[in-house]
Amino acid sequence: AVERLQAIADEALRHPIASVTAKSLLPPSGDRHDYMSFSRYWWPNPDTPDGLPYIRRDGEVNAELLRQGDRQPLGALIDDVQALALAGFLLDDESCGAQAAKRIQAWFLDPETRMNPHLNYGQAVPGRAEGRGAGIIDTRGFAWILDAVELLDERTGWTAHDRSALQVWFREYLDWLLTSELGKHEQQADNNHGNWYEVQVARYALFANEPGIAREALLRAEKKINAQFDAAGRQPEELERTRSMHYSFFNLAALMVIARLGEQVQHDLWTYENPQGTGIREGIDYLLPNADGRDPWNYPTLGEFMLSRAEHMAFRLASRAYADDA
């Protein structure tokens, strides 16, 4: 594991430092500091000369559209910062820690390259929307960035002033999530989008020393569990998708992460059950036999399914919470 971490960190060191200002496209505002991305399942309309408005083909990724904007650089930033901060902390490698700090500073703090704290232009759809509430899911990885921040110190070039400035940034972003029309729309989602929204609100609130806002996110997550699981532990909203197993695990992972955050404000989501007697544990018990092939999966399965690293992490959290090695 140490050798693997070192190899991943060495690779991250070779990557350029990402920022929202490096993109070639301008967002509709004309400000390069505004994050922008495009939705992955939308394609040119074959029935119109200009291809507009785009049409949705659920589960079919438009890779060309996805490469435009800031989404892929953001993914690289999150991966690199995690690897470098871990290597800095666990391997006592100050150069890795310093590079993690520089990447965080470039994306969030440097006046020349920082991202404006809003997501007005996330997951745009050509001919339909310049930005959508669904785009908020793009920044769920900021939660891992904040975990990485906890591993940095002055030896790595990360100062108390940096931390305070980052708290200001996340307070502003948190306010946008809670008060903007796009944020309010995403908060109401009864699928994986709604849960990853609550993960973000809870994590950013904790970082900004706003535990009351985090508790409110946990209460909303309970209501989502009420709506999302049937008596067997299935997630009907996710089962309707063409990649139903992927989205079932993806949604469940969000709930496991927010349950872990709930521990920090003394709110137990791990054992919460909806009126049908189901919750996170029952959702896990339903999915695991399907994931390892013990039970057949009788729902749409477009593409090959693999657990992501975030989902692996979520199951480690669940293993600890339930004292269950399986």
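All figures in this text were calculated on a predicted structure; none of them were measured in a lab.
Using cut-offs of 30° and 60° on the angle between ring planes, the pair Phe250 and Tyr247 is perpendicular. By the 30° and 60° cut-offs, the orientation of the rings of His118 relative to Tyr121 is perpendicular.
Glu222 and His267 are linked by a side-chain donor-acceptor pair at a separation below 3.5 angstrom, with hydrogens and angles left out of the test. Asp324 and Ser319 form no side-chain donor-acceptor contact under 3.5 Å, judged by distance and modelled atom types alone. Side chains of Ser29 and Asp31: no donor on one and acceptor on the other come within 3.5 Å. Side-chain atoms of Asn251 and Gln235 include a donor-acceptor pair closer than 3.5 Å. Between the side chains of Asn226 and Tyr272, at least one donor N or O sits under 3.5 Å from an acceptor N or O. Side-chain contact check for Gln99 and Arg103: at least one donor-acceptor pair (N or O, by modelled atom type) lies under 3.5 Å. In this structure, a donor-acceptor pair under 3.5 Å is absent between the side chains of Asn116 and Glu172. If you check the side chains of His15 and Glu11, you find a donor sitting under 3.5 Å from an acceptor. Side-chain contact check for Trp270 and Glu263: at least one donor-acceptor pair (N or O, by modelled atom type) lies under 3.5 Å. Defined by atom type and a distance below 3.5 Å, a donor-acceptor pair is missing between the side-chain atoms of Gln228 and Asn191.
Among all heavy-atom pairs drawn from Leu152 and Gly97, the shortest one is CD2-O, 3.6 Å. A pairwise comparison of heavy atoms in Ala83 and Ile8 identifies CB-CG2, 3.6 Å as the closest pair. Between Arg114 and His33 the shortest heavy-atom distance is O-ND1, 2.7 Å. Pairing each heavy atom of Leu13 with each of Ser95, the nearest pair is CD2-O, 4.5 Å. Between Ile137 and Gln200 the shortest heavy-atom distance is CA-NE2, 4.1 Å. Minimum interatomic distance between Ala18 and Pro73 (heavy atoms only, all atoms of both residues): CB-O, 3.8 Å.
The side-chain heavy atoms of Tyr197 and Arg220, taken from C-beta on, include a pair separated by under 4.5 Å. Here the side chains of Leu25 and Phe38 are in contact, with some heavy-atom distance below 4.5 Å. Residues Leu174 and Ile213 are in side-chain contact: their nearest non-hydrogen atoms beyond the backbone lie under 4.5 Å apart. Looking only at side-chain heavy atoms (C-beta outward), Tyr322 and Arg281 come within less than 4.5 Å of each other. Counting heavy atoms from C-beta on, the side chains of Ser39 and Arg132 come closer than 4.5 Å. Two residues are said to be in side-chain contact when any heavy atoms from C-beta on lie closer than 4.5 Å; Trp144 and Val257 meet this criterion. Two residues are said to be in side-chain contact when any heavy atoms from C-beta on lie closer than 4.5 Å; Arg241 and Asn192 meet this criterion. Side-chain contact check for Trp158 versus Leu166: some heavy-atom pair is nearer than 4.5 Å.
Rounded to the nearest 0.5 Å, atoms CH2 (Trp107) and CG (Leu109) are 13.0 Å apart. Rounded to the nearest 0.5 Å, atoms CG (Leu302) and CE (Met245) are 13.5 Å apart. Remark: Phe249 CZ to Asn290 CG distance equals 7.5 Å, nearest 0.5 Å. Of the inter-residue distances, the one linking Phe229 atom CZ with Asn274 atom CG reads 8.0 Å to the nearest 0.5 angstrom. Between atom CG of residue Leu269 and atom NZ of residue Lys224 there is a gap of 11.5 Å, rounded to the nearest 0.5 Å. To the nearest 0.5 Å, atom CG of residue Leu52 and atom CZ of residue Arg128 are 9.5 Å apart.
Using modelled atom types, no side-chain atom of Gln6 and backbone atom of Ala1 make a donor-acceptor pair closer than 3.5 Å. Side-chain atoms of Thr156 come within 3.5 Å of backbone atoms of Asp153 as a donor-acceptor pair (strictly under, hydrogens ignored). With hydrogens and angles disregarded, no donor-acceptor distance shorter than 3.5 Å links the side chain of Thr278 to the backbone of Gly233. Side-chain atoms of Arg171 come within 3.5 Å of backbone atoms of Ala208 as a donor-acceptor pair (strictly under, hydrogens ignored). A distance-only check finds a donor-acceptor pair linking the side chain of Ser244 to the backbone of Pro300 [under 3.5 Å].
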Working for salt bridge (Lys or Arg N to Asp or Glu O under 4.0 Å), residues Asp34 and Arg32: CA-CA 5 Å; Asp34 288 342; Arg32 290 191 187 280; over 6 Å; no

Using the rule given for side chain to side chain contact (heavy atoms under 4.5 Å, CB included), can you reason through Arg163 versus Phe207, listing the C-alpha separation, both sets of side-chain angles and the distance that settles it, and then say yes or no? CA-CA 10 Å; Arg163 184 182 181 89; Phe207 183 66; 3.9 Å; yes

Take Lys223 and Asp190 through the salt bridge (Lys or Arg N to Asp or Glu O under 4.0 Å) test and state the conclusion after the steps. CA-CA 9 Å; Lys223 293 180 180 179; Asp190 277 332; over 6 Å; no

Assess whether side chain to side chain contact (heavy atoms under 4.5 Å, CB included) is satisfied between Ser248 and Phe305, documenting all intermediate values. CA-CA 11 Å; Ser248 293; Phe305 171 74; over 6 Å; no

If you apply the rule side chain to side chain contact (heavy atoms under 4.5 Å, CB included), what do you find for Glu112 with Thr21, and how did you get there? CA-CA 8 Å; Glu112 297 297 320; Thr21 56; over 6 Å; no

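Ile78 and Leu119 fall within a single hydrophobic cluster, where Ile, Leu, Val, Met, Phe, Trp and Tyr side chains are chained together by heavy-atom contacts under 4.5 Å. In the hydrophobic cluster analysis, where Ile, Leu, Val, Met, Phe, Trp and Tyr join through side-chain heavy atoms closer than 4.5 angstrom, Leu239 is grouped together with Leu288. Under the 4.5 Å side-chain heavy-atom criterion for ILVMFWY residues, a single connected hydrophobic cluster contains both Leu151 and Leu91. No continuous path of ILVMFWY side-chain contacts below 4.5 Å connects Tyr41 to Tyr54, so the two sit in separate hydrophobic clusters. In the hydrophobic cluster analysis, where Ile, Leu, Val, Met, Phe, Trp and Tyr join through side-chain heavy atoms closer than 4.5 angstrom, Met115 is grouped apart from Met36.
With Tyr35 as the fixed residue, the side chain to side chain donor-acceptor pair (under 3.5 Å) test singles out one of Asp70, Thr139, Asp138: Asp138.
The pair Asp230-Arg234 meets the salt-bridge criterion, since a charged nitrogen lies less than 4.0 angstrom from a carboxylate oxygen. Of the charged side-chain nitrogens involved, none lies within less than 4.0 Å of a carboxylate oxygen, so that Glu198 and Arg140 do not count as a salt-bridged pair. The residues Asp92 and Arg155 are annotated as salt-bridged, a charged nitrogen and a carboxylate oxygen being separated by less than 4.0 angstrom. A salt bridge links Asp79 to Arg309: at least one charged side-chain nitrogen sits closer than 4.0 Å to a carboxylate oxygen.
Taking the ring centroids of Phe142 and Phe108, they lie under the 6.0 Å cut-off.
The side chain to side chain contact (heavy atoms under 4.5 Å, CB included) check on Trp43 picks up Arg57, Glu60, Asn62, with sequence neighbours excluded.
The 12-atom threshold is not exceeded at CZ of Phe89, counting heavy atoms of other residues, nucleotides or ligands nearer than 6.0 Å. In this structure, Lys23 places its NZ atom where more than 12 heavy-atom neighbours from other residues, nucleotides or ligands lie under 6.0 Å away.
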